[in-house]
Amino acid sequence: MSYEYRNFPLLDFLPCAPGNAVPASIYRFLKGPAPPAKPNGEAVYAPYAIRKLEASLLRKFKREEVVVAHEDYLQNFIKDDTEIIAVSTMDPLGLGPTTMSYYALFGGELNAWVKKEWDALMAKINAIRQGKKAKLVVGGPGVWEFAILRDEVEKNHIDYIFQGEADDVAPLLFEQIAEDSIDTSVFFNGYWTYDENFRKVMKKDPVFLARGFSLKAYPKLEEIPSIVEPSMKGMVEVMRGCGVGCDFCEVTLRPLRYYPLEKIVEEIKVNLRGGNTNAWLHSDEIFGYKHGPMFEPNEEALLELFQTVLSVPGVTSSNPTHGRISIPAGYPEMMAKLSKVLRAGPRNWIGVQTGVETGSEELAKKHMPNKTLPLRIGPDGSWQEIVWEGVFVETRNYWRPAFTIQVGQEGETPEDLWDTIALTNRLSNSFVDGRPFEFTITPLLNVPLGRIKSRKLNTDMLNADQLAVYYASYRHLAKMAARDGYRDATGSFLARMGTGTIISFGGYVMMKFVEHLARKKGVDIEKVKHYGVEGVKEITSRAVLSRAL
């Protein structure tokens, strides 16, 4: 999480790939050079969550008592008097949605590169701390994985696992961990998991610590500190929470909190001092920033946000992390204004991650009924029309969405899966102003917990119709890789040539591999290639939608 991955769009997901699918030499090249370190071994840049934790601890402890260490120089800091080693992680055991989706194609043991990286880091830490008193604490969004594979806690010699936001309680938490005296009236011992019948159950466990189950489980806005050292890729936070309410997402449970502009600017200036001229604006839903009734976008607030960011001396570019597709569909004029402020253009595409999840009208209504608000499926167009219109508007304004779609959702039918194939093909074969639609699409598999616990995974996790969805997705990704692999590569001439060649050729190889698997499962490849394409010319840009009209 501290590497740049050649600054190629979405290549940060490379560690999700299985170790037996991506050779070590290619992985290390695409991973790029090691991140910089200060002369004493501190990290120059660190993941945003680590910087937030650092800022929280510095509210109570002295600067010399808190350090963010570069991975290659851990021995400089883990001493006899070190009390706590804290590690933040997103996918330590390789159980995340993207990682599991690769296992569905390649099978085998849990050996994704992200798991290899985790094991190497743990081995290094534990070798250095041997014989010392330092306790190992793990936090971050990936710690739920230890509740699934509980034996990994002992294997990695982890003393405590913390779940939740800790901005306001980190000093207290660290003091209690150092003293082995956890106040259970403040920190709950245990974790949520699911039994064999998929019922949510609570398990007591002294290793797992959490905040509780009410609003007290989350820090108030004024309790969240500003970062004091540069974050990776210039990331700063503009809000927390989402509120859209999709039934497969925990983010929606967090209360909405909007950062004031002065706090956002304060963090941007910290990153500028570290040499980051791009402001990467993190939110769980950027178009929900200070939204109005029924999730109507607040155009004035969004424009003010981006204008403020781009007006900070030294900032050359900016883009958000996440945003839903219905807002571009219903508010094309607003998107044009935002794009002008963000200086979007052929050499400055605005990347944003978007959960489309399905092409099925029924699944969209069942699992994410608010995803289209303030547009409504039916009166304002079908789900596929809304998505199509959104990509039309985004491509016209030089936004490139990175879509995720899901297979294996509750209540899914073969017809639902072929609806997703139709949507993928329609988007992949559409144009605006003579340019093809720009988007990536990553299929994700909902994996039963019992299958994960077995640790041995195989390609039987995908049925024929689900594999057809994968194939349609990878056909489009191969097309994108061939078109954009060289164009979007950065660095020296040799680095660009190497990255572009691996990306474009790798996209083709991956597509052919998935095609081979699909044929073995009996998928009609020609049907997948052409399914839904006949409808492309029938869908015209109407600027959907009653609300836009």
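Model, not experiment: these values are computed from the prediction. Keep in mind that the numbers below use all heavy atoms, side chains included, and drop hydrogens, waters and symmetry copies. Throughout, numbering of the chain's residues begins at 1 and tracks the sequence.
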Derivation and outcome, side chain to side chain contact (heavy atoms under 4.5 Å, CB included), residues N319 and W280: CA-CA 5 Å; N319 70 284; W280 197 19; 3.3 Å; yes

Side-chain ([X]) to main-chain ([Y]) donor-acceptor, under 3.5 angstrom:
X    : Y    : value
T404 : T442 : no
N111 : P18  : no
N271 : G275 : no
E223 : D168 : no
D284 : C242 : no
T89  : G140 : no
N189 : T184 : no
T277 : G314 : no
Q176 : D183 : yes
Y218 : G164 : no

Return yes when atom [atom1] of [X] has more than 12 non-hydrogen atoms of other residues, nucleotides or ligands closer than 6.0 Å, and no otherwise.
X    : atom1 : answer
K133 : NZ    : yes
M90  : CE    : no
R59  : CZ    : yes
E300 : CD    : no
K269 : NZ    : no
K340 : NZ    : no

Row check, W118 ring normal vs K115 NZ/CZ: under 6.0 Å, within 45°: no

Cationic tip of R6 above F29 ring, under 6.0 Å, 45° of axis: yes

Is any side-chain heavy atom of [X] closer than 4.5 Å to a side-chain heavy atom of [Y]?
X    : Y    : answer
K204 : F188 : yes
P15  : Y5   : yes
R51  : V68  : yes
K290 : L305 : no
K203 : R150 : no
I405 : L444 : no
H367 : T358 : no
Y27  : L14  : yes

Spacing of [X] atom [atom1] and [Y] atom [atom2] [to the nearest 0.5 Å]:
X    : Y    : atom1 : atom2 : result
L173 : L209 : CG    : CG    : 6.5 Å
I224 : S56  : CD1   : OG    : 10.5 Å
I227 : E267 : CD1   : CD    : 4.5 Å
E4   : M232 : CD    : CE    : 4.0 Å
N156 : D119 : CG    : CG    : 6.5 Å
F403 : T354 : CZ    : OG1   : 5.5 Å

Pair [X], [Y]: side-chain N/O donor-acceptor within cut-off below 3.5 Å:
X    : Y    : result
N278 : S317 : yes
D180 : Y160 : yes
N446 : Q406 : yes

Ring geometry between Y73 and H70 (parallel below 30°, tilted from 30 to 60°, perpendicular above 60°): perpendicular

When you check the gap from the basic side-chain N to the acidic O, do [X] and [Y] get nearer than 4.0 Å?
X    : Y    : value
E65  : K60  : no
K155 : E152 : yes
R273 : E229 : no

Restricting to non-hydrogen atoms, name the atom on [X] and the atom on [Y] that form the minimum distance, rounded to 0.1 Å.
X    : Y    : answer
L342 : N348 : O-ND2, 3.3 Å
I85  : T82  : CG1-CG2, 4.5 Å
N397 : A344 : O-CB, 3.5 Å
S2   : P47  : OG-CD, 3.6 Å
R257 : P219 : NH1-O, 2.9 Å
I327 : P297 : CD1-CD, 3.8 Å

Criterion side chain to side chain contact (heavy atoms under 4.5 Å, CB included) on I350 and Y398, from CA distance to verdict: CA-CA 6 Å; I350 308 302; Y398 298 99; 5.8 Å; no

Audit row: K124, D72, side chain to side chain contact (heavy atoms under 4.5 Å, CB included) steps and yes/no: CA-CA 9 Å; K124 181 182 294 187; D72 294 339; 3.9 Å; yes

CA sep, side-chain torsions, deciding dist, call: R240, E165, side chain to side chain contact (heavy atoms under 4.5 Å, CB included): CA-CA 11 Å; R240 287 191 188 177; E165 299 179 23; 2.7 Å; yes

Sole candidate of E304, M335, M334 that passes side chain to side chain contact (heavy atoms under 4.5 Å, CB included) when paired with E299: M334

